[in-house]
Number of protein chains: 2
Amino acid sequence: MDDLDKYIEKRKSKSPKFAQNYEKGYEQFKIGALLKEARLEAGLTQEQVANKLKTGKSAISRIENHAEDIRLSTLVNYAQALGKSLKLEVA
Amino acid sequence: MDDLDKYIEKRKSKSPKFAQNYEKGYEQFKIGALLKEARLEAGLTQEQVANKLKTGKSAISRIENHAEDIRLSTLVNYAQALGKSLKLEVA
DNA sequence: GATAAAGTATACATATATGTGAACAGTGTC
DNA sequence: GACACTGTTCACATATATGTATACTTTATC
């Protein structure tokens, strides 16, 4: 089980709503976890990312923890702030 | 040159703004084209997709032609309406 | 246990995506 | 040309993501 899986398990145990939606297949809930994982790999704090995106750290926290939904541009910007890019596919 | 490329070229020639943003690398502009391509492959009209998503056909047209930005949930729903799924990656 | 750094939670304001309906345009068929 | 079908554009209303500031929590270090 990798770090992302561990994180998901932790979120599930702490939040019934998260667990319920996650099991339903709403993997959008994974997005926040993905971004957080990518941020930590880049060795950045939420505040550092916030500064790059010219916003506050609370906004970053919200994205990582409560991103039931998110704008595509926000995803793209977040990825860019980490020096990465967002790949999309309809398959 | 595949159909999507042809479509992009057509949009570029008709809309300077589209061309400009596209060349800048704002590939979000590709999203609408991607969705349209997927819809046509599935053999569905905009109205059919609109019905599945319980919305109007004008909303579908707008997404395909003027989706400078779009919500992740909208992308996911659209893909589902076509019997497909959305793949995301931060790389 | 005091302090600082990092992250979370909340509330309100603002920006913007989407819903909705109507009018109009393009395309093909008769 | 009339008709039906498909897609586009517009305006307005509504829903919701994000900006912003503040307070609180957690964790680590001393």
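Numbered from 1 within each chain, the chains take letters A, B, ... in sequence-line order. Values reported hereafter were calculated over all heavy atoms of this structure, with side chains retained and with hydrogens, waters and symmetry mates removed.
Taking atom CG of residue A:N51 and atom C1' of nucleotide D:dG19, one finds them 14 Å apart after rounding to whole Å. Per the geometry, CD belonging to B:Q48 stands 7 Å off P belonging to D:dT6, to the nearest Å. As a whole-Å value, the separation of A:K54 NZ from C:dT14 P is 22 Å. Taking atom CD1 of A:I63 as the reference point, atom P of D:dT16 lies 18 Å away to the nearest angstrom. A:D69 has its CG atom 8 Å from the P atom of D:dT18, to the nearest Å. Look at CD1 on B:I70: it is 15 Å from C1' on D:dT16, rounded to the nearest Å. The CD atom of A:Q46 sits 5 Å away from the P atom of C:dG7 (whole-angstrom rounding). The interatomic distance linking B:N77 (CG) with D:dT16 (P) rounds to 12 Å, in whole Å.
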Tell me, with the steps shown, if A:V76 and A:Q80 meet side-chain contact (heavy atoms from CB on, under 4.5 Å). CA-CA 6 Å; A:V76 172; A:Q80 284 185 341; 4.2 Å; yes
Take B:R71 and A:L72 through the side-chain contact (heavy atoms from CB on, under 4.5 Å) test and state the conclusion after the steps. CA-CA 6 Å; B:R71 280 189 219 152; A:L72 185 58; over 6 Å; no
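The CG atom of A:L35 lies 6.0 Å from the CD1 atom of A:I70; values are rounded to the nearest 0.5 Å. Note that OH of A:Y78 is 5.5 Å distant from CD1 of A:I60, once rounded to the nearest 0.5 Å.
Taking only side-chain nitrogens and oxygens, B:K36 never comes nearer than 4.0 Å to OP1 or OP2 of D:dT6. Of the side-chain N and O atoms in B:T74, one or more sit less than 4.0 angstrom from OP1 or OP2 of C:dT18.
In the interface, the side chain of B:S58 is paired with the base of C:dG21 through a donor and an acceptor atom under 3.5 Å apart. Interface remark: the A:S61 side chain does not form any donor-acceptor pair with the C:dA9 base, using a distance-only criterion of under 3.5 Å.
Map B:R71 and A:A59 each onto its nearest nucleotide of DNA chain C; the residue landing nearer the 5' end is A:A59. In terms of position along DNA chain D, the nucleotide closest to B:L44 lies nearer the 5' end than the nucleotide closest to the other residue of the pair B:L44 and A:R62.
Between B:K84 and B:E41 there is a salt bridge, since at least one side-chain N of the basic residue sits less than 4.0 Å from a carboxylate O of the acidic one.
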